[in-house]
Structures are given as C-alpha cells and as structure tokens.
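Keep in mind that what you see is a predicted model, and the values were worked out from it rather than measured.
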Amino acid sequence: MTVLTRTLALAQLRASHARVRMYSSETTVKAMVYSEYGKPSEVLRMVEFPLPKLQSDTVHVRFLASPINPADVNQVQGAYPIKPAFEDLGPVKAAVGGNEGVAEVIATGDSVKDLKVGDRVVMAKTGYGTWRSHAAGPAQDFQLLPKNDKVSVIQQATLTVNPCTAYRMLKDFVKPEQGNYIIQNGANSAVGQAVIQIARAWGLKSINVVRNRPELNKLKDELTQLGATHVVTDEELGSHAMRSQMKEWFAGNPPLLGLNCVGGKSATEMARYLGHNGHYVTYGAMARAPLSLPASMLIFKNITFHGFWMSRWADVHSKQERYAMFEDLFQLMQRDQLGEPRWTPVEFNEAAMKHAVDAGISGYASGKQIVRF
C-alpha cells in the first residue's frame with residue numbers, strides 16, 4: 001500500500017467516524033418520562049433532550065418498537081418492586097417509562113468490541129426505560145440479539161418478558177418429556193399463549209384454565225388453534241365431572257407442573273390435579289387473592305411450590321445463558337411454532353401514549369399495545 005493510498009484510507013476512516021459522531025451528538029431524544037409516582041395519565045409527559053455524546057466505552061441505539069406492559073404501568077404507579085432512579089434528562093429530573101423493547105445500534109465507541117452498528121439489542125436489565133426514541137449508555141446496558149431475518153420486529157420487541165417467562169417455567173422446574181401434561185391458569189394471557197405454543201413444540205400436552213365469559217367457545221377455538229390440548233373454565237375445576245374427565249385424559253400420568261398467574265380459590269383447585277412430587281409455579285396474582293394450600297398437598301403428595309419472576313432470573317444469570325435462550329425462542333419463531341402476538345400500534349406522542357396506558361388499565365386494549373418509532 002502506497003503512502004498516498006494509506007493517507008486516503010485514513011482520511012476516509014476519520015470522515016466516517018466524524019459522520020457517526022456528528023449524527024449521534026446532534027440527535028434529539030424524545031422520551032415519555034415521569035418525575036413522581038402516580039396515575040400514569042397524570043404523571044407521564046413527553047420531553048426532548050440531546051443524546052449524550054458518544055464516549056469510547058458507550059453505545060448509541062435507536063429504538064424500533066416498545067410495548068406497553070402491565071408491569072410498566074405498575075412501575076409508574078410506584079407499585080412495582082423495581083424502581084428506576086430519577087436522572088437528569090434535559091429539562092427534568094425523571095425516569096423513562098417502559099421496560100421492554102428492541103433497538104438498533106447506530107454508533108459505538110472505539111473501545112466497544114461486542115457490539116457493532118446495525119446490531120439489534122434488548123435491555124440487559126429491567127428498569128432501563130424503553131419509551132424513548134434513542135438511548136446512550138455503556139455497552140453492558142445492552143444485550144445482543146441473535147441475527148434471524150425470520151423473526152419480526154414485533155417478536156423481538158416483545159421477547160424478553162412473556163416468551164422468556166413461558167420458556168423458563170416449562171424448562172427449569174420439571175424436565176419436559178413428550179406426552180406429559182402440564183396445567184396452567186390464565187391460559188389466554190400473553191404468557192399463557194406462549195406456554196401453549198412452546199409446550200406443543202416440545203411435545204407436551206396442556207390443560208388450560210380460563211375464566212368463564214360470553215364468547216367462551218370462540219376463546220376455546222383460538223387457544224386450540226394455538227396448540228392447547230384441552231381448555232376448561234375455572235368454574236369447572238372443582239366439579240366431580242371434571243375430576244373424572246381429567247383422570248381419563250391423564251390415564252394414570254397426572255401433570256407434574258402447574259403454572260399459576262391468578263391465585264385465589266381456582267388456583268388452589270388447579271393444584272389438586274398435580275401428581276406426586278409435582279411442582280407448582282406462581283408467577284402472578286391477577287385475582288389479587290391469596291393462594292391457600294391444604295397441608296395434604298405438602299405432606300402426602302410432596303408438591304413443591306415455587307415463585308418465579310423473569311427479572312430475577314435475568315439478574316442472576318449470564319448474558320450467554322440469556323442469549324442461548326433467545327436462540328431457542330428465535331428457532332421456534334422461525335418455524336412458526338411461536339407466533340407474533342396480537343398487537344395494536346400506538347403513536348409516539350404524549351396524547352396517544354397516555355390514552356394507550358389508560359386503555360391498558362381499563363382492559364379495553366385490543367391485543368398488546370406497541371409503540372413503533
């Protein structure tokens with residue numbers, strides 16, 4: 001290589017770095033933030049501030065899509081265990097809302113080795129704040145996603161909470177063996193639907209408990225199409241007819257894994273169907289009622305009761321373990337064994353975001369609400 005060639009190459013490289021840094025340093029961040037806990041539609045507001053300048057060890061990302069989850073609302077209300085720190089964000093001291101989303105790397109510092117421009121990432125920890133157009137931070141704030149063109153942006157944006165929760169609960173407590181049954185309530189929830197699909201992909205059969213409702217048969221058909229083996233109502237659980245029916249389905253091999261996100265009386269009834277040495281995992285309490293456990297389940301059936309929280313799992317496991325889980329889930333998505341959730345788009349402005357949060361609280365949202373930036 002001649003001196004002139006090296007000089008031209010160096011000049012082009014410097015110009016390229018200058019373009020990246022200029023673009024990043026002049027970018028304006030739009031973010032939905034809150035400076036105090038309270039009713040989301042009252043405390044949330046949209047602000048704008050400059051994206052911090054790129055440092056040698058930092059990364060700049062552009063968000064592509066972020067959902068509005070119930071936990072996000074609880075966090076704004078101050079009712080969630082994880083409470084992010086209020087930071088100086090331009091004109092205000094506040095926290096950015098949202099915990100889940102997918103972003104694209106748009107610039108990296110000179111010393112960043114594990115991420116490059118164009119990579120897709122999710123947040124490494126809960127509470128980062130994903131209702132924003134851009135973000136800047138150390139490379140360790142972001143978790144690289146596997147490359148897979150068959151997985152949609154929506155699937156990537158909604159990956160880290162519901163599919164991961166379903167995956168871990170099905171994998172970590174009882175060894176999945178083809179033909180075995182699992183039983184779950186809240187089967188029409190986002191986690192419940194992921195459980196149905198992953199269970200079918202792994203050759204497991206599922207008993208799926210839902211609340212009674214006017215269009216029950218339509219819901220049963222939808223869950224059956226996803227892969228549910230049987231769908232029953234919580235009202236049916238305690239009946240003699242259902243107990244006899246379950247015995248026929250199980251054929252002497254009752255489920256050893258129960259997944260509970262409801263609590264209350266029906267959750268106790270569901271636990272009665274577990275076999276000896278079974279495992280009962282609670283990951284939610286939608287009924288806001290305690291789970292009562294007869295001593296016989298502990299003494300005579302030796303059932304083990306667990307709690308599960310995906311955020312805690314992510315805190316105590318490595319990025320490599322999380323990446324391996326993402327790879328497995330992406331393979332299921334690529335094979336159409338784990339579909340894109342039903343979703344409705346939300347415009348990224350203050351009025352639309354507040355309306356979406358209110359709709360989610362009221363239960364009138366149609367599918368998962370997702371911001372496309």
Side-chain angles (χ1 to χ4, degrees), residues 23-55 58-107 121-143 153 157-158 160-161 311 314 343-362 365 368-373:
Y23 164 73
S24 300
S25 62
E26 294 182 353
T27 299
T28 297
V29 180
K30 292 181 64 179
M32 200 70 177
V33 306
Y34 54 102
S35 298
E36 60 180 330
Y37 298 115
K39 185 178 179 181
S41 58
E42 294 177 356
V43 300
L44 284 169
R45 59 171 166 158
M46 186 77 73
V47 299
E48 296 186 8
F49 54 90
L51 186 66
K53 291 182 178 181
L54 191 68
Q55 306 296 322
T58 65
V59 173
H60 285 174
V61 303
R62 173 177 66 92
F63 278 89
L64 305 176
S66 298
I68 299 173
N69 292 319
D72 303 332
V73 178
N74 295 152
Q75 194 169 63
V76 176
Q77 293 169 327
Y80 198 65
I82 294 175
K83 294 178 171 60
F86 293 114
E87 307 174 77
D88 290 322
L89 300 174
V92 297
K93 192 177 185 69
V96 179
N99 289 284
E100 189 178 30
V102 62
E104 180 181 353
V105 176
I106 59 174
V121 296
V122 292
M123 306 307 102
K125 299 292 182 182
T126 304
Y128 186 86
T130 57
W131 297 346
R132 60 172 110 193
S133 59
H134 300 80
Q140 60 263 30
D141 285 352
F142 307 100
Q143 165 86 54
V153 170
T158 57
T160 60
V161 177
S311 295
W343 64 284
T344 56
V346 179
E347 291 186 29
F348 191 52
N349 60 62
E350 184 171 312
M353 290 290 290
K354 287 185 174 183
H355 176 77
V357 171
D358 279 345
I361 294 173
S362 303
K368 187 172 287 292
Q369 300 182 103
I370 299 179
V371 182
R372 291 297 304 270
F373 297 95

Under the side-chain hydrogen bond (donor to acceptor under 3.5 Å, both in side chains) rule, collect the residues that match up with E350, sequence neighbours excluded.
K354

Mind listing the closest non-hydrogen atom pair of A136 and P52 along with its distance?
CB-CD, 4.0 Å

Do T160 and E100 pair up side chain to side chain, a donor and an acceptor below 3.5 Å, judged on atom types alone?
yes

Applying ring pair (Phe, Tyr, Trp, His ring centres under 6.0 Å), can you list everything that pairs with F142, at least two apart in sequence or on another chain?
Y128

Residues at least two apart in sequence or cross-chain that pass side chain to side chain contact (heavy atoms under 4.5 Å, CB included) with A124, listed by chain then number, are K319

When rounded to the nearest 0.5 angstrom, what is the spacing between CD in Q75 and OG1 in T126?
8.5 Å

Pairing residues for F49 by the ring pair (Phe, Tyr, Trp, His ring centres under 6.0 Å) criterion, not counting sequence neighbours:
none

Could you label the plane-to-plane angle of the F86 and Y37 rings as parallel, tilted or perpendicular, counting under 30° as parallel and over 60° as perpendicular?
tilted

Partners meeting salt bridge (Lys or Arg N to Asp or Glu O under 4.0 Å) with E42 (sequence neighbours left out)
none

Assess the residue pair N99 and M123 against the criterion (side chain to side chain contact (heavy atoms under 4.5 Å, CB included)); give the C-alpha distance rounded to whole Å, side-chain angles, the decisive distance to 0.1 Å, and a yes or no.
CA-CA 8 Å; N99 289 284; M123 306 307 102; over 6 Å; no

With M32, the side-chain contact (heavy atoms from CB on, under 4.5 Å) member among R45, M46, R132:
M46

Would you confirm whether S35, through its side chain, and A94, through its main-chain N or O, come within 3.5 Å as a donor-acceptor pair?
no

Under the side-chain hydrogen bond (donor to acceptor under 3.5 Å, both in side chains) rule, collect the residues that match up with S133, sequence neighbours excluded.
none

